[in-house]
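Remarks on the structure that follows.
The sequence lines fix the lettering, A, B, ..., with proteins before strands; numbering per chain opens at 1. Just so you know, these numbers use all the heavy atoms, side chains as well, and skip hydrogens, waters and symmetry mates.
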Amino acid sequence: MEMDVAIAGVGMTDVGVHEGSTWLELAVAAISEAIEDAEIDKSEIEAVFTTPIGYTIDQEKFIAQRLAEYLSIPSRSMAEIDCGGASSLIAVRLLCNEISSGRIRAGLVFAAHIDLTPEKMAAASQEIVHLIRMANGMYGSYDSRLGMLSPMPYYAMSIQRYMHEFDVAPVDIARLPVLLRENAAKNPKAQYKDPITVEDVLSSKMLCPPIHLLESCPVSHGAGAVVLARASDVKERGVLVIGYGEAHDDSHFIPATKDLSRFPAVELSSLEACRAAGISPDDVDVAEVYGAFAGVELMCYEELGFFERGQALAALAQGKTAIGGDVAINTSGGRLSLGHAPYATPLFEIYEITTQLRGEAGDRQVNGAKIGLVHAEHGMINGSAVMILEGG
Amino acid sequence: MNGFLSNLEDSAARLFYDELQNGRLMTTKCERCALVFFPPRITCPDCLGGEIKWVQLSGKGTLYAFTQQHQSLAFRKPTVVGIVELDDARGRIFSIIDVAWEEARIGMRLKVDFFDSPFGFKMHKFLPEE
Ligand SMILES: [Zn+2]
């Protein structure tokens, strides 16, 4: 696929709890960094794409318009894209299309994410009853009646099925948070950096069995921004977009009949992206995988095509996914330790892969990294998007 | 407590809960292609036929997966929640599994029962079939 589009610049805030910061303040910080990184003048930006700013907040309307006005960026293409956790990667794809169509030369995607903490939601106070209804409403007319406020039980049952089908022991999964924490310790933007052990993971609080606290992503805040431009306009630090794939299963959360242990949308989106880029998953040097919980992250490694079905746990144990392994996955620290601010997360992933492909990742640099993969999903991995990037 | 729950999305969901108050687990059947599907809908998810008929389910099924909720409005640990594959409809129901955590097993046979939920209406739950 000849897209002729490059990532020109990236920016992101620290991931974590930005107590007292507004979405607008976080967005401005990320956008300023991305524009400076792209070494282009703000006047060259012709498109502004964004996402909503959280699942359970008093959503302000017209986010893109507000930001463009605030930073004085006139444009010829503007949209707010909402497709759950995959939103900002889909926004990047739409901007790529705008650029390859020739209508736009350069544009900006940004996403800020702020959410209620699960603790505040579960306290169910009258002041936030409208936000709790919003959170509960995500689970439809039937599951919502179980008092759902989080999708974690879905993920727990998906992991349970995988463990059941492949006879997986808890320790096999518990190795992943340990590795991700090692990576995060080398990333100044990460939310959690203190080392942990397998014993720490297995003795941490059991949230939704089989998911322990340390196998769960946190609810984080943060913002990310990406400047895209025609490849021919971008200087030597540009990273090329060489493939994209996207698929949405006809399910949302619990599939009606399909296996809960499979994510067909991930497999399909990876196949499409790799075919478009003319590569095989084995050619990927560094990947950011959108795994909100340790078990499903490992299941996604298989659906993406990095390992055969049932083999991701052995690959993890053998160090194949570590920095220096066959494919370095989630060198940023991943959702578990970098932190997870869903609408912004795909832009954090692009930030990490771009940094790696430029050779600027410092202590966590993957030597000779040339091909990178970015993955995002929505629902309970019912939909998936994959982008392949190539370094210069 | 009920005030914290979101609105039901369609008339099929409202009718489903109305019937549940009378101790009946109901769903819809497509008159065009004969598919019985769960949850009930105002249109057939296969052929988009709009002519649907309400049918009562036997309430029997098999436990497909289960867990416990950590933070939620109700049914937190130690309550077990799980997905039941229904014998006589295409689809699965997410429900309370009235079995101790240690006793719950994937594949166990279950049957529906009803109880008064903390939200002020009758809800379904599943017990071992025996
Ligand atoms: Zn039909």
Side-chain angles (χ1 to χ4, degrees), chain A residues 117-126 128-165 205-213 216 219 250-251 253-261, chain B residues 1-14 16-17 20 27 37-41 45-46 63-86 89-96 101 104-107 117-119 121-125:
Chain A
T117 61
E119 291 75 18
K120 276 187 185 154
M121 258 197 282
S125 73
Q126 282 298 334
I128 56 166
V129 63
H130 62 297
L131 301 181
I132 292 165
R133 286 170 62 90
M134 206 187 279
N136 181 250
M138 287 195 276
Y139 307 104
S141 301
Y142 298 91
D143 298 358
S144 66
R145 269 46 199 166
L146 269 66
M148 295 275 287
L149 288 178
S150 147
M152 208 189 297
Y154 298 142
Y155 286 96
M157 291 186 286
S158 176
I159 296 164
Q160 183 196 41
R161 287 297 309 190
Y162 180 84
M163 293 177 77
H164 176 73
E165 288 165 28
K205 188 171 181 177
M206 186 62 92
L207 301 181
C208 297
I211 300 175
H212 297 86
L213 175 67
S216 167
V219 173
D250 62 344
S251 60
F253 297 126
I254 298 174
T257 56
K258 287 179 188 151
D259 290 345
L260 227 61
S261 62
Chain B
M1 197 70 179
N2 196 9
F4 288 100
L5 290 179
S6 57
N7 296 326
L8 299 175
E9 294 168 309
D10 63 5
S11 57
R14 287 195 293 277
F16 171 82
Y17 285 103
L20 209 60
T27 196
F37 49 92
F38 187 89
R41 294 171 205 262
D46 263 18
L63 186 58
Y64 178 73
F66 59 95
T67 185
Q68 291 172 316
Q69 299 198 93
H70 167 58
Q71 273 161 336
S72 63
L73 289 169
F75 310 118
R76 296 184 196 191
K77 282 196 274 187
T79 304
V80 179
V81 294
I83 299 170
V84 181
E85 296 200 297
L86 296 163
R90 191 186 76 183
R92 296 163 170 156
I93 185 168
F94 189 31
S95 189
I96 310 302
W101 175 258
R105 294 285 177 274
I106 286 175
S117 89
F119 301 114
F121 52 84
K122 256 197 183 60
M123 265 296 280
H124 47 79
K125 67 173 181 179

Nearest heavy-atom contact between M148(A) and Q69(B) is SD-OE1, 3.2 Å
Output the option from P255(A), P209(A), P153(A), G140(A) having the highest count of non-hydrogen pairs under 4.5 Å with chain B. P209(A)
Please flag which part of M206(A) lies under 4.5 Å from any non-hydrogen atom of chain B: side chain, backbone, both or neither. both
Scan V81(B), I106(B), V84(B) and name whichever one has a side chain to side chain contact (heavy atoms under 4.5 Å, CB included) with F66(B). I106(B)
Take T67(B) and Y155(A), measure what side-chain contact (heavy atoms from CB on, under 4.5 Å) needs, and give me the verdict at the end. CA-CA 10 Å; T67(B) 185; Y155(A) 286 96; over 6 Å; no
Contact origin within S95(B) toward chain A - heavy atom pairs under 4.5 Å: backbone
Hey, what do you get for OH (Y142(A)) to NE2 (H124(B)), rounding to the nearest 0.5 Å? 9.0 Å
Contact leader toward chain B among D250(A), L149(A), L131(A), where contacts are heavy-atom pairs under 4.5 Å: L149(A)
For M152(A), which atoms come within 4.5 Å of any heavy atom of chain B: side chain, backbone, both, or neither? neither
Side chain to side chain donor-acceptor pair (under 3.5 Å) partner of S141(A), the single match among R14(B), E9(B), R41(B): E9(B)
Would you list the atom pairs, donor with acceptor, under 3.5 Å between side chains in residues 117-124 of chain A and any protein atom, with sequence neighbours excluded?
from: T117(A); atom 1: OG1; to: K120(A); atom 2: N; distance (Å): 3.2

Mind ranking I128(A), D143(A), L207(A) by heavy-atom pairs under 4.5 Å with chain B and telling me who comes out on top? L207(A)
Among residues 158-165 of chain A, residues within the sub-4.5 Å heavy-atom range of chain B, in order of number, are Q160(A), R161(A), H164(A)
Please answer whether the main-chain N or O of S144(A) pairs with a side-chain N or O of N136(A) as donor and acceptor at a distance below 3.5 Å. yes
Name all residues meeting the salt bridge (Lys or Arg N to Asp or Glu O under 4.0 Å) criterion together with R90(B); count only those two or more places apart in sequence or in a different chain, and write none if there are none. D46(B)
Test your reading of the model: is there a side-chain donor-acceptor pair from R133(A) to the backbone of L5(B), 3.5 Å cut-off? yes
Using a cut-off of under 4.5 Å on heavy-atom pairs, state which of F38(B), W101(B), F37(B) scores highest against chain A. W101(B)
Is chain B contacted by the side chain of S251(A), its backbone, both, or neither, given a heavy-atom distance below 4.5 Å? neither
I132(A) versus chain B, heavy atoms under 4.5 Å apart: side chain, backbone, both or neither? both
Is Y154(A) in contact with chain B via its backbone, its side chain, both, or neither, using a 4.5 Å heavy-atom distance? side chain
Under 4.5 Å from any heavy atom of chain A, what part of I83(B) do you find: side chain, backbone, both or neither? both
Any P151(A) side-chain heavy atom under 4.5 Å of F253(A) side chain: yes
The criterion is ring pair (Phe, Tyr, Trp, His ring centres under 6.0 Å); which residues satisfy it with Y64(B), sequence neighbours excluded? none
